[in-house]
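These notes concern the structure reproduced below.
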Protein chains: 2
Amino acid sequence: MSQNIRNLSMDPTVKTTTLTDLAHARLEEMISTLLLAPGEFLSEQVLAETVGLGRTPIREALQRLAREGLVTILPRRGVQVTPIDAAEQLLVIEVRRELERLISRNAAARATEEQRAAFSAIADGLDRTGRASDALEFLRLDREMNLLMLDAAHNAFAVRTMQLLAGLSRRYWYQNHRDTADLPLSARLHAAQARAVASGDPEAAAAASDALMDYVAAFTKAAQPREN
Amino acid sequence: MSQNIRNLSMDPTVKTTTLTDLAHARLEEMISTLLLAPGEFLSEQVLAETVGLGRTPIREALQRLAREGLVTILPRRGVQVTPIDAAEQLLVIEVRRELERLISRNAAARATEEQRAAFSAIADGLDRTGRASDALEFLRLDREMNLLMLDAAHNAFAVRTMQLLAGLSRRYWYQNHRDTADLPLSARLHAAQARAVASGDPEAAAAASDALMDYVAAFTKAAQPREN
DNA sequence: GTTTGCGTTTCTGTATTCAAAGACTGGTTT
DNA sequence: AAACCAGTCTTTGAATACAGAAACGCAAAC
């Protein structure tokens, strides 16, 4: 089964759980679940104590989060959880639309047979969760599909770039999905994209991606008045 | 009750010259001018001494550079200047093509009158340098046009993302431009893009961007055998 | 009552210290 | 002669120490 050994990069045993990664994961979750409120000011010291780590990993994690736009570093003054701004969010989506289309198109063109089968399975699952309005299962499948997509697209840079934008999107979704999201529609659109990728038709996959992003943009605009 | 001057400090003169920024700039230049050779192994200690700073700013700069793909951090082992890989470079261009098109289109749609005038001036300058094969002036105008484009596109996220990919592209160009680049053609294509933006026609600007990226891709492929 | 100036405090930015994980070397064993 | 083992050395990952800068508070002055 292990036919696909990682090539030249000699990392067979990279068990790299650095504390910086951990801090980053913790903080990103706290921010995107609004446990750390948008606009709130943070101090490295306090964060270090609450997370139970030293200042160094916290600081490095904050710099990564700043790159992702989740926090804003005010030089010599401190760190602020970036306020939620629907207008900015639309700019994020503007960029995501292009990258998602690229990834979707590439995945359709480059996916292996196993990956196509996996996409089909996910599409079926999404249809079920859409009819049942099973939010938890939907989120699980969404995550799985994302990973599969990034893997199938075979472009590490596109992946890295997408991940840079994912955080802000996640937080916005989390804040507004209860009131504004249309889960059945979203599930249908995701399923359509998965099927297009599975079928290996790049242009269909690109179109499906655009349709999905249209929905995301509409969702963002619909939630706009609720802004913080 | 009193004035809440909390974050009212919209200082346009924020002297944000942190040593980390300085280290990042120095190291990026050293890497993209091949002063630090691709594949070379580095140690934070040595870099700190050669640059004349402590390990902390060097370390933070290295993490940024790793994000940009210019160095690879091998956990617990050290830092390696990422070897130049033409195949990877084509993936970078794949992503850049999408982002450049977006930025070009937006700039055409959103630029102010002053910015359009500036684009026209740059286009004229580029035509001159193309005919004269003035590489230095070409580089200056290219940089100027880039900044103007990012400014006119009004999308901070697209900008940030592009900058993430710029380093690798710069290094590749630096390594190969003497032998492979066609300056007059490149200048013509840049000028065409600038004129399209200036004219305010988004689709023309997008097409011009695609044409330019076609050239960049061809350049990358042409240089491929010279790879390290 | 509002403002201004000075001392205090807290915080970031940076250097230094500490610990542990690999890499390396030299010698011994098979 | 090759392989292996132990001890040393180098290097990162992380915590802590330190210095300077910005904010805060209080009091005095207008």
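Order of the sequence lines fixes the chain letters, A, B, ..., with proteins taken first and strands second; residue numbering starts at 1 for each chain.
Listed for the A:Arg67 side chain is no donor-acceptor partner under 3.5 Å among the backbone atoms of A:Leu164.
Donor-acceptor pairing under 3.5 Å is recorded for the side chains of B:His190 and B:Asp142.
With salt bridges taken as basic N to acidic carboxylate O contacts below 4.0 Å, none links B:Arg64 and B:Glu68.
Taking the six-membered ring where the residue is Trp, A:Tyr215 and A:Phe219 present tilted rings, their angle falling between 30° and 60°.
Taking atom CZ of residue B:Phe41 and atom C1' of nucleotide D:dT12, one finds them 14 Å apart after rounding to whole Å. Distance A:Leu22 CG to D:dG13 C1': 14 Å, rounded to the nearest Å.
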Distance-only check: which donor-acceptor pairs under 3.5 Å involve side-chain atoms of residues 30-37 of chain A, not counting sequence neighbours?
residue, atom, partner, partner atom, Å
A:Ser32, OG, A:Glu28, O, 2.8
A:Thr33, OG1, A:Glu29, O, 2.7
A:Thr33, OG1, A:Met30, O, 3.4

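Within the nucleic acid shown, B:Leu42 comes within 4.0 Å of sugar-phosphate atoms alone, with no base atom in reach, counting heavy atoms only.
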Letter per nucleotide, 5' to 3', of nucleotides 13-19 of chain C [B base touched, S only sugar-phosphate touched, - untouched; heavy atoms, 4.0 Å]
BBBBB--
